[in-house]
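In what follows, chains carry the letters A, B, and so on, assigned in the order in which the sequence lines appear, proteins first and then strands, with residues in each chain numbered from 1. Model, not experiment: these values are computed from the prediction.
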Amino acid sequence: MSHLTILRTYAQSPSPSTALPPSILFAHSPSSLTIFDAYPKATFHFLILPRIVSPLTASDLASLKALLNRDKATAKDIIVGLREDALVLKASIEEEMVKRFGYKWDIWIGFHAVPSMEHLHLHVISSDLVSPSLKNKKHYNSFHPKLGFFLHLDDVLSWFDTDPSFYTRMSKLEKSEYEPLLKEDLCCYRCNESMKNMPTLKSHLQEEWDNETKSAKTKLEKAKLVQNKRKRNADENPTNVQAKTNEPSGSVTDKSELEEPFKKRIERDDDS
DNA sequence: GTTCTAGAAC
DNA sequence: GTTCTAGAAC
């Protein structure tokens with residue numbers, strides 16, 4: 001069995017849960033399979049595959065390019081379907097992030113412009129890009145969120161609503177246009193700093209993620225303190241909650257801690 | 001897609 | 001001498 005066609009074999013399976021072990025298959029529906037990427041390029045990395053069900057053929061679903069260059073309405077249906085599955089998956093990844101790491105961080109959903117394996121597959125990958133399987137420049141650049149090789153799902157969906165000539169142009173997905181991107185110099189997608197080589201980039205990505213984790217946890221701790229303080233104040237003075245919560249706290253120096261809940265309150269007022 | 005390894009880069 | 005990349009082989 002060739003590694004290059006293994007995904008098609010999965011997608012053709014009439015009974016995925018009996019054919020595939022739970023170490024490969026994460027979930028499935030009548031229209032798709034969600035599998036663990038065999039060589040995850042981040043802490044969380046899954047693939048969503050559309051199943052080959054009539055009237056679709058393996059060749060319709062060979063790649064994003066193949067799909068976009070067939071019937072436009074069908075292509076949109078398939079991609080919208082994959083999106084729904086991806087959002088469900090994203091929610092369960094976030095739940096797992098909170099369980100295992102105490103906070104949640106970005107998850108990217110998209111296609112490679114030029115795939116290296118046959119059969120359409122949607123990547124759902126956490127933004128840390130910290131993984132032993134991320135080994136070379138091509139691996140990294142293929143997921144760099146601003147380089148152009150990784151096609152964010154919502155960008156691809158937006159092509160359907162632009163003028164037809166733009167859709168036609170984007171649907172070409174020419175190898176010659178995208179493959180050179182994989183050879184671009186290494187640079188951190190977060191801070192834009194250029195990196196000499198892969199080992200340097202990998203330790204930098206680890207650092208960036210560590211910093212993200214640290215500040216997320218600090219933020220959560222601060223929020224908890226504010227919450228506890230409000231609760232204490234309310235308990236001490238149940239008849240005058242409003243006056244207490246409006247007191248300036250004095251110790252909070254970071255404005256962003258206050259802006260976020262404030263913004264939400266404004267939005268709620270606007271909605272009603 | 002990965003593994004292996006020659007030779008470039010340091 | 002060691003580290004690292006990138007192309008060939010699978």
Problem set entry | No-hydrogen, no-angle side-chain donor-acceptor test under 3.5 Å, A:Ser59 and A:Arg70 | yes
Exercise. For the pair made of CG in A:Leu201 and P in C:dT5, what is the distance, rounded to whole Å?
Worked result: 10 Å
For this session: Could you check how far CE of A:Met198 sits from P of B:dC10, rounded to whole Å?
Result: 17 Å
Exercise. Once you round it to whole Å, what is the distance between C1' of C:dA6 and NZ of A:Lys137?
Worked result: 10 Å
Exercise. What's the closest nucleotide to the A:Tyr39 side chain, out of C:dA6, B:dT3, B:dT2?
Worked result: B:dT2
Exercise. In whole angstrom, what separates A:Met195's CE from B:dA9's P?
Worked result: 21 Å
For this session: Look at A:Lys135 and B:dT3 and indicate whether a side-chain polar atom (N or O) is within less than 4.0 Å of OP1 or OP2.
Result: yes
Exercise. Base, sugar-phosphate, or nothing: which does A:Lys196 touch, judged by heavy atoms less than 4.0 Å apart?
Worked result: nothing
Problem set entry | Interatomic distance, A:His45 NE2 vs B:dG1 C1' [rounded to whole Å] | 12 Å
For this session: Indicate whether the side chain of A:Asp185 and that of A:Ser194 have a donor and an acceptor atom separated by less than 3.5 Å.
Result: no
For this session: Whole angstrom is fine here: how far is it from CG in A:Asn136 over to C1' in B:dT5?
Result: 15 Å
For this session: May I have the distance from A:His3 (atom NE2) to B:dC4 (atom P), rounded to whole angstrom?
Result: 13 Å
Exercise. Are A:Val80 and A:Ile78 joined in one hydrophobic group, where the rule is that I, L, V, M, F, W and Y side chains link up if heavy atoms are under 4.5 Å apart?
Worked result: yes
Exercise. A:Glu184 CD to C:dA6 C1': how many Å, rounded?
Worked result: 17 Å
Exercise. Are the ring centres of A:Phe150 and A:His144 closer than 6.0 Å?
Worked result: no
Problem set entry | Selection from C:dG7, C:dA6, B:dG1 that lies nearest to any side-chain heavy atom of A:Lys183 | C:dG7
Exercise. A:His139 near the nucleic acid: base, sugar-phosphate alone, or nothing, with a heavy-atom cut-off under 4.0 Å?
Worked result: sugar-phosphate
